[in-house]
Amino acid sequence: MKKLALEHRHSPVPYVSYVVGFVLSIIATVVAYLFVTHHLWPKETLIYVVLSIAVIQLVVQMVFFLHIGRGSHWKLITFSFTVLVVLIVVVGSIWIMDNLNYNMMRMTPHEIEQYMQNNEGL
């Protein structure tokens with residue numbers, strides 16, 4: 001028990017990792033802000049540039065704050081499963097809303113109201 005306490009006391013504290021991650025996140029945010037406010041590229045190109053910076057910032061935060069990729073591989077598996085579930089929910093919701101929009105847009109507002117009243121008991 002005493003050996004475990006000594007090992008824990010002398011383990012390096014990862015404050016440097018947090019500071020580096022914070023600085024890199026601030027730099028990514030400022031670069032994206034400057035690109036958008038100074039209109040350096042057309043809107044179509046700027047969207048892809050800002051999305052690329054967002055992905056870079058996501059990776060920086062995963063590595064420096066969440067410590068994904070260091071230590072146990074279960075962190076990566078858990079994070080991957082979480083991303084998969086979120087993607088399923090988001091893509092499924094968009095798919096359902098788009099399908100509803102497609103099916104309902106062929107009707108006038110009066111026809112939609114009439115349809116809702118006729119099928120209220122379903």
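Bear in mind the structure is a predicted one, so any value in this text is a computation, not a measurement.
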Residue pair V50 / V36, side-chain heavy-atom distance below 4.5 Å: yes
Mind checking what makes side-chain hydrogen bond (donor to acceptor under 3.5 Å, both in side chains) contact with D98, not counting sequence neighbours? none
Does I96 sit in a hydrophobic cluster with other residues, and if so which ones, taking ILVMFWY side chains as linked at heavy-atom separations under 4.5 Å, directly or through other members? L100
Measure the acute angle between the ring planes of Y18 and F65, then classify it against the limits of 30° and 60° as parallel, tilted or perpendicular. parallel
Using the side-chain contact (heavy atoms from CB on, under 4.5 Å) criterion, which residues pair with E111? Sequence neighbours excluded. M107, T108
Grouping ILVMFWY residues whenever side-chain heavy atoms fall under 4.5 Å, the cluster of W74 otherwise contains I77
Nearest 0.5 Å, what's the CD-CE distance between E113 and M116? 9.0 Å
Which residues pass the side-chain contact (heavy atoms from CB on, under 4.5 Å) test with I53, not counting sequence neighbours? A28, V31, A32, F35, V49
Starting from I47, walk the hydrophobic network (Ile, Leu, Val, Met, Phe, Trp, Tyr; side-chain heavy atoms closer than 4.5 Å) and list everyone else you reach, by chain and number. L51
List in chain and number order the residues that pass side-chain contact (heavy atoms from CB on, under 4.5 Å) with V55, two or more places apart in sequence or in another chain; answer none if no residue qualifies. none
Only counting residues at least two apart or in another chain, list the ones meeting side-chain contact (heavy atoms from CB on, under 4.5 Å) with V30. I26, L34
I need the full list of side chain to side chain donor-acceptor pair (under 3.5 Å) pairs touching residues 78-93, with sequence neighbours left out, sorted by first then second residue. none
Which residue pairs satisfy the side chain to side chain donor-acceptor pair (under 3.5 Å) criterion with at least one member in residues 25-48, sequence neighbours excluded? T29-Q57
How does the hydrophobic cluster around L87 look, that is, which other residues are in it when side-chain heavy atoms under 4.5 Å mark a link? L58, M62, L66, I68, L76, F79, V83
